[in-house]
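Mind having a look at this structure? Questions to follow.
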Amino acid sequence: MRILHLLSSNKLSGAENVASDICMMFSNEYDMVYCCPEGPIRNALKDRDVCFFPLKSFCKDDIANAIKILNPDIIHSHDAKATVFSALVSSKIPIISHLHGNDVKMKRPGLKALLFLLASQRVKKIITVSESCLADYFFKKQIQTKTVFIRNIVYRNRIEKLLKSDCNAYDFDFIFVGRLCYPKNPKKVAAVASIVLNQCPKATFGVIGDGELRSKMKEVFVKEGVIERVTFTGVLSYPYKTIQNSKCLLMCSRFEGTPIVALEAMALGVPIVSTPVDGVVDIVSDGETGFLSDDIDELAMNVKSIVSKNSFHEKLSKASFEKFEKINDYDGYFTNFRNTYNSIRR
């Protein structure tokens with residue numbers, strides 16, 4: 001059985017890691033093909049031994065051509081945009097829609113929510129990575145019978161495989177990992193990090209990722225006089241060593257699904273300080289494995305405590321790894337997807 005994973009982004013981030021993880025997990029069972037516009041994702045997929053079919057652009061004609069050439073038994077569409085295009089170009093092939101985040105645009109009766117509702121009529125199964133993805137969707141009553149919640153996990157083999165591929169050295173006391181875009185709230189990240197850096201004169205902060213709000217983030221660091229202790233690495237194909245070598249992962253997202261980077265941090269024994277959003281509250285135990293707060297000063301205080309107190313960091317690190325071991329249900333995840341694929345194959 002051939003399964004085509006369709007994504008609109010050509011850069012590696014949370015949803016892309018999930019899709020590539022699924023391809024890796026089932027490589028010996030199904031013919032998995034990852035399909036998205038040509039771009040930097042190519043090298044990441046090559047290192048993961050994932051079959052890649054590039055699109056010239058993410059448009060109706062190019063997607064239809066890819067489907068004609070590949071002739072998949074199932075189209076696994078990742079996020080709303082890919083779901084809409086899949087429904088437009090395919091009239092017979094079963095479609096799975098995989099929603100990776102709780103997008104605010106889906107909470108109101110706008111164009112995105114309406115288009116997804118129309119596309120969902122062609123979808124056999126909708127997968128959400130947090131329960132709030134369905135609960136907060138404006139048209140939830142119309143799709144709830146075909147929706148299933150499957151919390152994200154991290155494919156450990158991928159981390160172990162790629163951790164060895166980074167020969168660089170990193171020495172950040174705490175880090176942010178992700179796209180520098182509105183949902184991740186990078187200006188708030190910068191505000192929190194600046195407080196910590198001003199209170200801990202020897203501390204360093206790493207920004208792992210890139211995006212349209214990079215300059216806005218830099219402005220905050222310059223204004224607060226800490227820019228010389230902030231490093232913007234850009235997008236790293238292998239962020240795992242930067243995570244492993246830091247004491248804390250800082251997140252200030254406005255909304256999330258179940259963030260892969262948070263699970264990766266826990267797998268590497270790195271505590272998380274975050275805003276209490278969606279999937280994060282399900283995996284971080286406030287005060288035990290990390291900290292959750294909306295308040296900038298409180299977030300900064302908690303990061304400072306982890307960075308400056310070794311014994312406290314070690315306690316949280318151990319608890320974070322132990323929590324990961326409990327919630328990263330690989331067998332259940334694998335079985336859920338296998339059952340889903342086998343139940344809707346044409």
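Keep in mind that the numbers below use all heavy atoms, side chains included, and drop hydrogens, waters and symmetry copies.
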Lys146 versus Val123, closest heavy-atom pair with distance: NZ-O, 2.8 Å
What's the shortest heavy-atom distance between Pro94 and Ile344, and which atoms? CG-O, 3.1 Å
Below 4.5 Å, heavy atoms only, C-beta onward: do Phe232 and Leu180 meet side chain to side chain? yes
Closest heavy-atom pair and its distance - Thr275, Ser253: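 Closest approach of Thr275 to Ser253, heavy atoms only: OG1-O, 2.8 Å.
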Quick check: Phe205 with Phe176 (ring centres under 6.0 Å apart)? no
Looking only at side chains, do Ser77 and Thr83 share a donor and an acceptor under 3.5 Å apart?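 No, no side-chain donor-acceptor contact under 3.5 Å.
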Ring centroids only, cut at 6.0 angstrom: are His98 and Phe337 within range, meaning strictly under it?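 Yes - the distance between ring centres of His98 and Phe337 falls below the 6.0 Å cut-off.
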Any link between Val189 and Val220 through a network of hydrophobic side chains (Ile, Leu, Val, Met, Phe, Trp, Tyr) touching at under 4.5 Å? no
Charged N to carboxylate O under 4.0 angstrom, Glu16 versus Arg42?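 Salt bridge between Glu16 and Arg42, a charged N being under 4.0 Å from a carboxylate O: no.
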Can you tell if the side chain of Ile75 reaches within under 4.5 Å of the side chain of Ile67, non-hydrogen atoms only? yes
Only one of Phe26, Tyr30, Tyr341, Tyr155 passes ring-ring contact (aromatic ring centres under 6.0 Å, His included) with Phe334; say which it is. Phe26
Looking at side-chain heavy atoms only, is the closest gap between Arg2 and Leu70 below 4.5 Å? yes
Between Phe58 and Phe85, is the ring centre distance below 6.0 Å?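 When the ring centroids of Phe58 and Phe85 are compared, they turn out to be within the sub-6.0 Å range.
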Under the rule for side chain to side chain contact (heavy atoms under 4.5 Å, CB included), what residues qualify as partners of Asp47, not counting sequence neighbours? Leu162, Tyr238
Quick one: does Asn152's side chain get under 4.5 Å of Tyr333's, heavy atoms only?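 Yes, side chains in contact.
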Check salt bridge (Lys or Arg N to Asp or Glu O under 4.0 Å) between Arg214 and all other residues, then give those that pass, not counting sequence neighbours. Asp210
Kindly compute the distance separating CG (Leu99) from OG1 (Thr147), expressed to the nearest 0.5 Å.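 Going from CG on Leu99 over to OG1 on Thr147, the span is 7.5 Å.
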So, are Glu131 and Arg151 salt-bridged, with charged N and O less than 4.0 Å apart?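 Looking at Arg151 together with Glu131, the answer is no, because their closest N to O distance does not fall below 4.0 Å.
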Starting from Ile175, can I reach Val284 by hopping between I/L/V/M/F/W/Y residues whose side chains sit under 4.5 Å apart?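 They do share one cluster, since a chain of ILVMFWY contacts under 4.5 Å joins Val284 to Ile175.
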Distance under 6.0 Å and angle within 45° of the ring axis: does Lys107 meet both against Tyr137? no
Is there a side-chain contact between Ile327 and Asp282 (heavy atoms, below 4.5 Å)? no
Here's a test for you: under side-chain hydrogen bond (donor to acceptor under 3.5 Å, both in side chains), which of Arg158, Arg156, Gln244 qualifies with Glu264?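 Checked Arg158, Arg156, Gln244 against Glu264; only one passes side-chain hydrogen bond (donor to acceptor under 3.5 Å, both in side chains): Arg158.
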Where do Glu29 and Arg338 land on the salt bridge (Lys or Arg N to Asp or Glu O under 4.0 Å) test, with the steps shown first? CA-CA 9 Å; Glu29 191 155 343; Arg338 174 195 275 159; 2.8 Å; yes
Cation-pi geometry met for Arg254 and Tyr182 (6.0 Å, 45°): yes
